[in-house]
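Take a look at the structure below.
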Amino acid sequence: MNATVAPRASIEVRGLCKAFGANPVLRDVSLHVAPGTVLALLGPSGCGKTTLLRAIAGLETPDRGEVSVAGRLLCSERVDVAPEDRQVGMVFQDWALFPHLSVAANVGYGLPRAERRGTRRRGARRRGDGGDRVAEALDMVGLGGLGDRSPGTLSGGQQQRVALARALAPRPAVLLLDEPFSNLDTALRVDIRAEVHRLLAELDITTVFVTHDQEEAFVLGDEVAVMREGVIEQRATPAELYATPASAWVAGFVGDANLVAGEASGELAQTSVGQVRLTTEARGPVRVLMRPEALTLAPGEGARVDLVEFYGHDSVYEVSLDDGARLRARVAASPSLTRGQQVSVRYAGGPTPAWPSPAGAPADPVTSLA
Ligand code: ATP
């Protein structure tokens with residue numbers, strides 16, 4: 001299947017800056033996406049994700065910086081390759097399908113006329129030789145034979161795949177997806193996400209997709225770049241991001257985070273739930289990251305269960321410590337503790353990051369960013 005996709009290509013972004021009026025949206029963004037990697041651009045609304053994606057696609061002209069794909073310079077002070085000549089496939093947030101055109105016509109939209117045919121005919125040229133790209137792209141996304149249908153007669157998942165087929169038809173070197181699942185309801189979203197995940201793995205095409213959904217970024221991304229206010233705060237594999245976030249903000253953005261007050265001395269910190277080993281040395285008052293699943297609860301002293309949330313595969317307890325701190329603890333079992341019960345809380349995780357407590361901050365034992 002991947003024989004019909006352009007060879008795996010890298011994406012290189014160097015020092016990209018973009019402001020809309022007085023509003024700086026991209027601040028010196030650099031990014032390397034290795035060939036075949038699926039990179040999730042994750043960040044809160046308005047942090048500049050879509051602007052970065054559009055700048056790679058050539059739909060937005062940066063004020064400064066460079067973009068290259070497969071080693072070819074697409075944008076710099078002196079170069080500005082038109083979007084259609086960049087070999088970049090883009091899937092938009094709303095999929096942008098034309099309801100009055102057939103599926104095949106949608107997929108062929110933008111292709112040179114000779115390459116548009118949507119259904120393979122006797123004597124048609126074989127896949128990969130320059131002809132019949134529409135049928136080829138529909139085959140790639142598993143919609144072969146549906147070219148004559150109109151988009152309105154297809155399911156949400158199938159429409160999503162038509163949008164992907166349209167992006168793939170010109171055989172792009174890389175694929176860019178802007179919030180590809182945002183107009184699907186939750187149940188459908190999970191199914192279609194899994195489908196697109198399989199498809200991207202099969203196609204083996206370098207992909208950048210934008211999302212504000214941490215779960216989506218973790219599930220689909222080989223790597224995740226976390227953006228905030230026009231800056232990439234951290235870029236790592238999902239597992240690295242979760243275990244060793246670079247800042248307290250990233251810690252809270254990529255999952256439930258208890259930030260527990262402690263006193264650090266070297267690689268150890270003393271906290272109200274025990275001594276904790278740190279990933280890097282620190283001294284003085286710190287906030288220690290404790291993921292909810294790294295806390296254990298048992299009937300005992302020192303805390304009280306305030307809330308019990310049962311999720312089927314596990315349960316979350318919200319507890320308040322005697323010193324007033326509130327923590328969330330996740331246990332892989334049905335609830336065995338009840339609201340109001342006295343419990344003891346211990347940290348049972350591995351080495352974890354800590355950050356200096358903000359100067360002048362009140363002596364609040366816990367900040368939960370969740
Ligand atoms: P969202 O998840 O909400 O789409 P985002 O991270 O993708 O957010 P962008 O769409 O890149 O963010 O927008 C970043 C900022 O730039 C926002 O404040 C937005 O209002 C502003 N912006 C984007 N495009 C334009 C434009 N064409 N003109 C003026 N301001 C713009």
Side-chain angles (χ1 to χ4, degrees), residues 11-33 38-67 69 74-75 80-84 86 88-97 156 160 163-164 167 174-186 188-190 192-193 196 206-221 223-236 238 241 245-247 249-255 369-370:
I11 301 174
E12 198 79 51
V13 171
R14 289 175 293 270
L16 222 57
C17 295
K18 175 74 184 175
F20 292 109
N23 179 18
V25 173
L26 298 179
R27 305 165 189 245
D28 198 16
V29 172
S30 296
L31 189 66
H32 169 78
V33 189
V38 176
L39 178 89
L41 267 182
L42 172 70
S45 184
C47 71
K49 309 178 294 290
T50 297
T51 305
L52 176 55
L53 206 71
R54 288 171 59 84
I56 297 171
L59 301 169
E60 209 68 77
T61 307
D63 302 329
R64 217 153 12 99
E66 294 182 352
V67 175
V69 168
L74 301 178
C75 166
D80 188 11
V81 176
E84 60 274 20
R86 290 192 174 204
V88 166
M90 180 122 177
V91 177
F92 295 93
Q93 198 161 1
D94 57 0
W95 309 337
L97 299 179
Q160 163 74 288
L164 265 170
V174 299
L175 198 55
L176 307 178
L177 311 174
D178 187 3
E179 296 269 7
F181 313 108
S182 60
N183 57 348
L184 296 168
D185 64 47
T186 315
L188 200 55
R189 210 178 160 119
V190 171
I192 294 177
R193 189 174 73 189
V196 170
T206 312
T207 303
V208 178
F209 77 97
V210 157
T211 180
H212 59 264
D213 179 334
Q214 173 250 327
E215 186 178 292
E216 203 163 287
F218 275 22
V219 168
L220 285 183
E223 293 185 73
V224 179
V226 183
M227 273 189 89
R228 183 191 192 191
E229 295 176 2
V231 172
I232 294 181
E233 289 241 338
Q234 187 174 8
R235 182 255 178 84
L241 258 187
S247 65
W249 182 82
V250 172
F253 197 72
V254 300
L369 295 178

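For ligands, and for the atoms within them, numbers begin at 1 and follow the listed sequence. This is a predicted model, so every value here is computed, not measured.
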Worksheet item: At a 4.0 angstrom heavy-atom cut-off, what protein residues surround ligand 1?
Response: Phe20, Asn23, Val25, Pro44, Ser45, Gly46, Cys47, Gly48, Lys49, Thr50, Thr51, Glu179
Fill in: Selection residues 207-219 - residue pairs positive for salt bridge (Lys or Arg N to Asp or Glu O under 4.0 Å), sequence neighbours left out
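Qualifying pairs: Arg189-Asp213, Arg189-Glu216, Arg193-Glu215.
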Worksheet item: Under 3.5 Å, is there a donor-acceptor pair between the side chain of Arg86 and the main chain of Val69?
Response: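 No, because the side chain of Arg86 does not come within donor-acceptor range (under 3.5 Å) of the backbone of Val69.
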Fill in: Test side chain to side chain donor-acceptor pair (under 3.5 Å) applied to Thr50 - qualifying residues, sequence neighbours left out
Asp178
Fill in: Sequence-distant partners of Gln214, side chain to side chain donor-acceptor pair (under 3.5 Å), two or more places apart
none
Worksheet entry | Positive for side chain to side chain contact (heavy atoms under 4.5 Å, CB included) with Phe181, one of Val190, Leu220, Thr211 | Leu220
Discussion item. With side chain to side chain contact (heavy atoms under 4.5 Å, CB included) as the criterion, how do Cys47 and Met227 come out once you've worked through the C-alpha distance, each side chain's angles and the decisive distance to 0.1 Å?
Written reply: CA-CA 6 Å; Cys47 71; Met227 273 189 89; 3.7 Å; yes
